[in-house]
Participant: 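Once you've had a glance at the structure underneath, I'll fire off some questions.
Everything numeric here is computed off the predicted structure, so don't read it as measured data. Protein chains get the first letters and strands the later ones, always in sequence-line order, with residue 1 at the start of each.
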There are 2 protein chains.
Amino acid sequence: MMNKPHPKKIKPVESRDRIIQAAVMLFARKGFAETGLRELAAAADVNLAMINYFFGSKKELLKGILDTFFSGYLDIAREKLAGPGDLQTRVGRFIRHVVDYFDCYQDYLLVTITELPHDDPEIIAHKANWARKMIGVIEKEICLPLARETGRKIPPTCIGPMLVSLIAARFLFAPVMEEVTGGAGSLELSAYAEMTTHVFLQGITGPDWKETRNQT
Amino acid sequence: MMNKPHPKKIKPVESRDRIIQAAVMLFARKGFAETGLRELAAAADVNLAMINYFFGSKKELLKGILDTFFSGYLDIAREKLAGPGDLQTRVGRFIRHVVDYFDCYQDYLLVTITELPHDDPEIIAHKANWARKMIGVIEKEICLPLARETGRKIPPTCIGPMLVSLIAARFLFAPVMEEVTGGAGSLELSAYAEMTTHVFLQGITGPDWKETRNQT
DNA sequence: AGAAATATTAAACAAACGTTTGATTTTGAA
DNA sequence: TTCAAAATCAAACGTTTGTTTAATATTTCT
């Protein structure tokens with residue numbers, strides 16, 4: 001008698017994954033609170049009760065989605081920001097990979113960003129935990145080298161948000177910009193990565209500040 | 001008999017404004033959909049029915065808030081981006097004023113950004129209308145001069161989101177970063193405006209691109 | 001003062017919410 | 001085949017949702 005090709009739990013994955021897939025899509029387009037569990041169950045083609053069966057609650061489902069996105073983002077940071085090369089090289093390859101990552105996980109990104117400022121005490125701890133780790137990497141791999149080379153001290157709590165916002169801008173505004181332009185007119189992805197890298201690097205490593213200042 | 005100092009409708013303003021005030025605060029902290037009208041009425045210290053009496057519906061209330069924020073932002077753009085001075089001067093004073101504006105209307109900003117990607121058909125038209133006007137100003141005052149001076153053609157649908165995201169980063173991430181650092185460690189407001197201006201200007205007008213590129 | 005317009009109120013509406021329950025079906029190994 | 005665990009299901013749980021209604025209070029103007 002031949003043994004099964006899949007010895008252990010591969011079945012539940014189907015429904016579970018369909019739920020996550022549908023949830024990310026709906027949360028990104030309609031928002032977390034606007035999306036009802038019945039609507040989600042219908043989109044995932046599962047019974048309503050399956051959501052609480054697999055995830056316990058709606059909030060746990062959201063936390064799972066946030067964790068997936070944050071952990072991928074943090075992995076890229078640890079892998080690409082560290083490693084060989086000078087500041088420019090490392091930041092350059094980091095941004096290039098993050099742009100691809102954001103493009104690929106666009107809905108995850110939208111869910112994460114739109115839920116960012118909301119201060120549900122059950123959610124905010126999760127976000128802060130991930131942010132803390134990310135800030136640590138940025139401090140070590142960007143802020144310290146930058147201070148060593150140029151003497152400029154910019155706190156990582158400033159660099160971190162700036163960097164991610166800069167990269168995410170394209171995707172965050174995509175729905176609105178599509179409505180504005182009718183779909184056309186956006187930069188190609190690689191060109192966008194290139195431009196973002198240039199803006200950020202020139203911005204933090206370029207010639208001295210202060211000479212750009214003028215009156216009101 | 002002396003005539004009234006305020007001949008027309010100044011009374012309803014009290015309740016109406018308290019509702020808007022409470023709504024902006026709650027929408028920013030809890031999100032639009034998470035905020036119930038009864039909770040909002042309690043926070044504004046008005047009767048539940050007053051909200052629909054003044055605004056017609058919850059969505060109309062949100063639209064009003066978005067309109068207030070967008071129109072203020074567009075006013076600054078028209079006033080500061082146009083006017084005298086070269087590109088650097090104009091962008092510099094624009095960013096300085098926008099940073100103050102975002103700081104002053106922080107809750108309006110959070111509401112606007114977190115509701116940005118959600119594609120409620122009743123809301124998206126409003127956002128696109130404002131975005132269209134803003135894109136027009138940026139095209140005329142930034143993209144065209146930039147192309148004339150440096151030959152670089154960056155679409156306004158790319159510059160616009162990038163610029164606002166860069167400036168808004170500090171405020172969008174503020175709730176999370178406070179939890180991370182415990183409140184301390186953020187740049188002063190004027191220093192933040194200065195740095196943002198430098199990053200953006202160096203980024204789009206600085207030395208040639210392409211030399212920052214390296215391998216994976 | 002009286003009439004008209006505007007504000008405010010308590011109460012109720014149907015609909016939708018997230019969650020739970022208990023029974024039934026499907027599954028994987030003994 | 002048998003048995004226990006996992007998955008699926010329909011139905012109902014009690015709240016809460018946004019909105020409406022109709023009556024009352026207040027203001028405004030003639």
Participant: Between Arg16(B) (CZ) and dT6(C) (P), how many Å, whole number?
Facilitator: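 Roughly 14 Å, once rounded to whole Å.
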Participant: Could you check how far CE of Met50(B) sits from C1' of dT8(C), rounded to whole Å?
Facilitator: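 Spelled out: CE on Met50(B) to C1' on dT8(C) is 5 Å.
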Participant: Are any of Ser15(B)'s side-chain N or O atoms less than 4.0 Å away from OP1 or OP2 of dA7(C)?
Facilitator: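 False: Ser15(B) side-chain N/O out of range (4.0 Å or more) of dA7(C) OP1/OP2.
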Participant: What is the distance from CD of Glu14(B) to C1' of dT6(C), rounded to the nearest Å?
Facilitator: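 Computing the Glu14(B):CD to dT6(C):C1' distance gives 14 Å.
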Participant: Can you check whether Lys80(A) reaches Arg90(A) side chain to side chain, under 4.5 Å on heavy atoms?
Facilitator: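 When only atoms from C-beta onward are counted, Arg90(A) and Lys80(A) do not touch, as no gap falls below 4.5 Å.
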Participant: Do the side chains of Arg78(A) and Glu141(A) get close enough for a salt bridge, i.e. N-O under 4.0 angstrom?
Facilitator: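 Answer for the salt bridge query: no.
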Participant: Please report the distance, rounded to the nearest Å, between CZ in Phe54(A) and C1' in dA5(D).
Facilitator: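 Taking atom C1' of dA5(D) as the reference, CZ of Phe54(A) is at 13 Å.
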Participant: Does any residue of residues 19-28 of chain B have a heavy atom under 4.0 Å from DNA chain D, and if so, which ones, in number order?
Facilitator: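 Here the set is empty: none.
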Participant: How many whole angstroms separate atom CZ of Phe55(A) from atom C1' of dT20(C)?
Facilitator: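 Going from CZ in Phe55(A) over to C1' in dT20(C) covers 18 Å.
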Participant: Applying salt bridge (charged side-chain N to carboxylate O under 4.0 Å, His left out), can you list everything that pairs with Glu139(B), at least two apart in sequence or on another chain?
Facilitator: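 Expected list: none.
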Participant: Under the salt bridge (charged side-chain N to carboxylate O under 4.0 Å, His left out) rule, collect the residues that match up with Lys58(B), sequence neighbours excluded.
Facilitator: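 Result, salt bridge (charged side-chain N to carboxylate O under 4.0 Å, His left out) vs Lys58(B): none returned.
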Participant: Donor-acceptor pairs are to be reported for all side-chain atoms of residues 163-181 of chain A against protein atoms at under 3.5 Å, with residues two or more places apart or in another chain.
Facilitator:
residue: Ser165(A); atom: OG; partner: Pro161(A); partner atom: O; Å: 2.8
residue: Arg170(A); atom: NH1; partner: Leu187(A); partner atom: O; Å: 2.7
residue: Arg170(A); atom: NH2; partner: Leu187(A); partner atom: O; Å: 3.1
residue: Thr181(A); atom: OG1; partner: Met177(A); partner atom: O; Å: 3.1
residue: Thr181(A); atom: OG1; partner: Gly183(A); partner atom: N; Å: 3.2
residue: Thr181(A); atom: OG1; partner: Ala184(A); partner atom: O; Å: 2.8

Participant: Have a look at Phe69(A) and tell me which of Tyr101(A), Trp130(A), Tyr105(A) forms a ring pair (Phe, Tyr, Trp, His ring centres under 6.0 Å) with it.
Facilitator: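 Testing each of Tyr101(A), Trp130(A), Tyr105(A) against Phe69(A), the sole residue satisfying ring pair (Phe, Tyr, Trp, His ring centres under 6.0 Å) is Tyr101(A).
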Participant: Would you sort out whether Asp107(A) and Arg29(A) count as a side-chain contact (heavy atoms from CB on, under 4.5 Å), showing the intermediate values?
Facilitator: CA-CA 8 Å; Asp107(A) 284 344; Arg29(A) 272 155 194 66; 3.1 Å; yes
Participant: Going by the rule salt bridge (charged side-chain N to carboxylate O under 4.0 Å, His left out), which residues pair with Lys59(A) if we only count those two or more places apart in sequence or in a different chain?
Facilitator: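 By the salt bridge (charged side-chain N to carboxylate O under 4.0 Å, His left out) rule, Lys59(A) matches Asp120(A), Glu122(A).
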Participant: Between Glu194(A) and Arg96(A), is there a side-chain N and carboxylate O pair less than 4.0 Å apart?
Facilitator: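 Salt bridge: no.
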Participant: Using atom CG of Asn47(A) as one end and atom P of dT25(C) as the other, report the distance to the nearest whole Å.
Facilitator: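 Roughly 14 Å, once rounded to whole Å.
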Participant: Give the rounded distance in Å between these two atoms: CD1 of Ile51(A) and P of dG18(C).
Facilitator: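 These atoms are roughly 9 Å apart.
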Participant: Identify all pairs in which a protein N or O lies below 3.5 Å from an N or O of nucleotides 16-22 of chain D, and state each distance.
Facilitator:
residue: dG18(D); atom: OP1; partner: Thr35(B); partner atom: O; Å: 3.3
residue: dG18(D); atom: OP1; partner: Lys58(B); partner atom: NZ; Å: 2.7
residue: dG18(D); atom: OP2; partner: Leu37(B); partner atom: N; Å: 2.8
residue: dG18(D); atom: N7; partner: Arg38(B); partner atom: NH1; Å: 2.9
residue: dG18(D); atom: O6; partner: Arg38(B); partner atom: NH2; Å: 2.6
residue: dT19(D); atom: OP2; partner: Asn52(B); partner atom: OD1; Å: 3.2
residue: dT19(D); atom: OP2; partner: Lys58(B); partner atom: N; Å: 3.0

